[in-house]
Amino acid sequence: MVAATGNADTSVGHGELIKAVDLALTTHGRALLTGPAGAGKTEVVRAVAAAAEARRESVLCLAPEAADQWIPEASAAALLASVPAAALDQLSGPQRTAIALLRREADAPRAGRDHIALRLAVVEVLRTLAARQPVLLVLDNAQWLDAESTDLLRFALRLTPPRVRVLVAECVQGGASVGEPLCGPGVPAIRVPPLGADEVAELLVRHCLPARLAGRIHQASGGNPRLALALGHSLAEAAEARDSSAHHADPLPVSGQAREVARRLLAGVSAQARRTLLLAALASRPTTSLLRRAGRPDAEAELAEAERAALVRVGEDGTVEFTAGALLTALAADAGWPERAAGHAALAAAVDDPVQAVRHRALAVDTPDQWLAAEITEAAAVCRRRGQRALAAELGLLAADRTPSWLAGEELARLVTAAEDAGWAGRADLARRATRAVLARDASPADRVRARLAVMDAAGQALGALDETFAYAMDEAAGDPSLQAAVQLRIAWKHNLSDGDPVRSRDAAAEAGRLAALGGDQTAEAMALTVRARMGRILGDTDAEEILAEALALPAPEVPLGMRNAPQYLAVRHALFDDRLADARRQLMVLLPAVQRTGSAEDVFEVLRSLTEVELRSGRCEAASAHARRALELTIEAGLSPGPAWYVAAMAEAMGGSFARAAGYARRGIQASQEEQDQVFLSRSLHALGLVELATGEAAKAVATLRRVAALEAAQQVVDPSVLRWHGELAEALIAADAPGEAAELLDRVRSVALGLGRTGVVAALDRARGLCLSAQGEADAGVHLLESTARRFDDLKLPLERGRTLLALARVERRRRRRAPARAALRAAAEVFALAAAAPWTELAREPAPGEGGGAQAPAAAMLTEAETRLALLVGQGASNQEAAAKLFLSVKTVEARLTRIYQKLDVRSRAQLATALRTR
């Protein structure tokens, strides 16, 4: 009798839950673990049982299956079969006989058994085991206990001694709880929570599945581990079947194991409730009142049943939200066409939105209808005006499907428009579907190119997999300069994002501009100039601003080819790079409502990303975190590439949230960007991780991570240090890792470039690192003077977080000089800056140490030494020779000797014995 758990590694994200269960067992002796099927209850139970066995407790496990509930006393027999024979030998004759009969004849007639003796036997067995050692009785899948075993166990557990602890795990799906009567009144009930998006990403990575899909799988699974893994495997199988990698915006296939898991979850409610849920699944915005109008008079009661089974959430206003998106797909897939058609017909009469009414009427029939197709086309146009481009694409495909064959021209036009709407919305699945239909028809080269361009636009960051699409588009665009310009423009974007080659990107953009001018397409010409200006900024070209001004001078339509690629948006980015934050914020607040009207999810994300970065640099961490959350939610909802959103979330957390969460987001961003070959955001996510590692004292890790950033930036030929400001962080990490010479070389090299380009904010960040470098090289006075002046410069530049970081560095230098009063003053000033900015993790770093922590009379040695010096000091203090220390630290003996000299000077000791004493006392 083993619970069916599938292959889900549900231990991810349940560390705190296991601790809570242990605490409940320790405090109360009983614990009840609940949650839907696949939530991870069995893994938690196994972890608790394994910990009890490690403590040499006696563990009895029972895990009935669904079929066992119909066999009287089957679970009791299975439990007693696992009891050691020695515990049965001490029973009285009638008790031994009752157990023997039960174990031999569990499915035989019960009339001749002594049930009183059997109950007393179970009590005696538990008491005997508890007399020798503590007992943990684990009942997993308690919902499958047969009624007779439930009664027997309820009787026995009332009489067991305190040394018998009981953990019951059950899946309550609308029925009565078995665990509560077993454990008694007041039992702590602990519900297994759903996994978060980060935890789903970790689960996918452990199973070698694409982390970039974590956001959509989290949404589709509702955080249910078993369903998340089933969806991930279904995606992997679908991708393998079509010999390509799964795209981040593809629909999630709810088939095979995933559909079985979804069906198991839905099986917990009645057939009537499932009919109401199907109607809710077919509606775009289901509410209880809508479902009542559509023919479900008992919708409230049936939804309440579904809510108890954790299938939906019903808001106070009656809105209905499924806990897992896969449930909608499973409901629709398992319903037959007549049932779905009837549901759509009922909803068409019940909804109050004309667009939705047309959509439901179209889905209620499957035959071509000229007038219905025209109505759907008009509804799609309404959606386009509303900015609902994804819905417009769906309706466009529906209109084409309902168009009679003798209107082939109208059908083709609807398909091309649907493809463009899908490209605008970032819906790669709809764009590919529409494009395949266009290519299967007798379409003109222009229509074929327009459809292929939509596939490119929907691909997001994953342009590297579209080489064939680019080749066909260039061939079909031959002879039409405007179409050639459009393709060349997207090639320029690909060279930047996927290839990390700004030179080729700039050259492709120049060719796109030439073709656009030849074809009289001023919009494409402005876009091409924008790419040239963007690449020019990266490459350090002095004419980049002039090219941007030329692009801004061209007349631009209200909705260009994506605001993210428009000169107006690049002007905002340049203002951010130049630390003209007030200008950037003002322009972004104008762009935000404009892009929301267009319906381009990528445009909205880009504006939110820039707002996050502007607010962070301005010292408004709470506002930045709000923008970052919206950007992440939008990314998951729209199916955009998640790498950029995880980078934005990492930076917001690194400054205003939690270093631990920031590191998690950064690692997810790294994974997703690597999977999509996105070189631009790979370096950004690495920078975010390196910043966290530096802030949390992991200097060696920070050096390794930031060196990867340096390598990527070098490969991408990035010259301007204001675009991604990693240089100062790498220098600080090198200094902390006891490599001030290498840090000084890096600072000299980058500083000359920054000065030449007039990047004052970058120069200030480099000077903060230079101040630390001077201190590490024995020029403490010069270092302090430079740090003080740098803090004032950051104040003038209105970059409060940078000023706070500089004051932290100043406090560190002063503390190592044993100048405690200036160190405390710098710390207090830094804390005030961080508190005003709501920079929680940095406020904690600036917390003034209590006596004995580094600020009192007994400052620890570690406060004066770098990380590398501390490691060497500990080794030598423990008796290691210079040669032994060099071997363990992978250093030369000469380096060890030089480093030891600095350690002796800092700690004011003259021998190894004094060093060991200093380390012990401090």
Side-chain angles (χ1 to χ4, degrees), residues 216 219 247-253 282-285 325 328-329 332 344 353-363 372-403 410-441 443 446-460 462 466 469 473 486 490 559-564 595-605 634-641:
R216 300 200 66 220
Q219 188 181 47
H247 190 273
H248 56 79
D250 281 352
L252 299 179
L282 297 177
S284 295
R285 293 182 294 276
L328 289 82
T329 309
H344 282 300
D353 181 358
V355 169
Q356 288 299 327
V358 171
R359 173 178 169 270
H360 286 300
R361 281 198 293 114
L363 291 170
L372 179 58
E375 281 189 82
I376 303 170
T377 302
E378 178 54 36
V382 171
C383 291
R384 205 171 296 117
R385 291 193 294 272
R386 291 177 179 175
Q388 298 171 323
R389 291 292 186 127
L391 181 55
E394 292 179 24
L395 290 171
L397 284 166
L398 197 55
D401 191 55
R402 298 294 182 268
T403 303
E410 290 185 21
E411 179 197 29
L412 182 60
R414 286 163 180 163
L415 286 170
V416 173
T417 303
E420 291 178 329
D421 283 329
W424 192 274
R427 285 292 301 271
D429 57 318
L430 298 178
R432 285 201 304 268
R433 182 177 149 198
T435 299
R436 281 195 298 267
V438 170
L439 299 179
R441 285 157 176 76
D447 283 339
R448 297 166 75 87
V449 173
R450 286 171 61 195
R452 294 191 196 276
L453 291 174
V455 172
M456 300 173 195
D457 292 342
L466 297 180
T469 302
R490 287 154 178 85
V559 182
L561 297 176
M563 182 59 71
R564 61 197 177 279
V595 296
Q596 286 174 330
R597 283 196 303 271
T598 68
S600 169
E602 283 194 275
D603 280 352
V604 176
F605 169 80
L634 173 67
T635 293
I636 294 171
E637 180 183 339
L640 303 179
S641 298

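What you see is a predicted model, and the numbers here were worked out from it, not measured in a lab.
By the 4.5 Å heavy-atom criterion applied to side chains, T469 and R432 are not counted as neighbours. The shortest side-chain heavy-atom distance between R389 and R427 does not fall under the 4.5 Å cut-off. Looking only at side-chain heavy atoms (C-beta outward), R450 and V438 stay at 4.5 Å or farther from each other.
For the atom pair R414 CZ and L397 CG, the distance stands at 12.0 Å (nearest 0.5 Å). To the nearest 0.5 Å, atoms CZ (R452) and CG (D457) are separated by 14.0 Å. For the atom pair CD of Q388 and OG of S284, the computed distance is 9.5 Å after rounding to the nearest 0.5 Å. Taking CD from E375 and CZ from R361, the interatomic distance works out to 4.5 Å, rounded to the nearest 0.5 Å. Atoms CG and CG, on D401 and L395 in that order, are 12.5 Å from each other to the nearest 0.5 Å. Between the CZ atom in R564 and the CD atom in E602 there is a gap of 4.0 Å [rounded to 0.5 Å].
Smallest separation of non-hydrogen atoms from A390 and L430: O-CD1, 4.0 Å. Looking at every heavy atom in both residues, A393 comes nearest to A418 through CB-O, 3.6 Å. The two atoms that bring T635 and S641 nearest to each other are CG2-O, 3.7 Å, heavy atoms only. Taking every heavy atom of both residues into account, A431 and A419 meet most closely at CB-O, 4.3 Å. The nearest pair of heavy atoms linking D421 to A392 is OD2-CB, 3.6 Å. In this structure, A434 and L415 approach most closely via the heavy-atom pair CB-O, 3.7 Å.
Checked for salt-bridge contact, D353 and R386 meet the test: a charged N lies under 4.0 Å from a carboxylate O. Salt bridge R441/D447: absent, no basic N to carboxylate O contact under 4.0 Å.
Side-chain atoms of R402 do not come within 3.5 Å of backbone N or O of L372 as any donor-acceptor pair.
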Practice prompt. Could you walk me through whether L439 and R448 pass side chain to side chain contact (heavy atoms under 4.5 Å, CB included), step by step?
Written response: CA-CA 6 Å; L439 299 179; R448 297 166 75 87; 3.8 Å; yes
Item to complete: Kindly determine whether R384 and T417 satisfy side chain to side chain contact (heavy atoms under 4.5 Å, CB included), including the steps that lead there.
Response: CA-CA 11 Å; R384 205 171 296 117; T417 303; 3.4 Å; yes
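The closest side-chain donor-acceptor pair between E410 and T403, if any, does not fall under 3.5 angstrom.
Annotation: side chain to side chain contact (heavy atoms under 4.5 Å, CB included) contacts of A283 (sequence neighbours excluded): P286, L290, L347.
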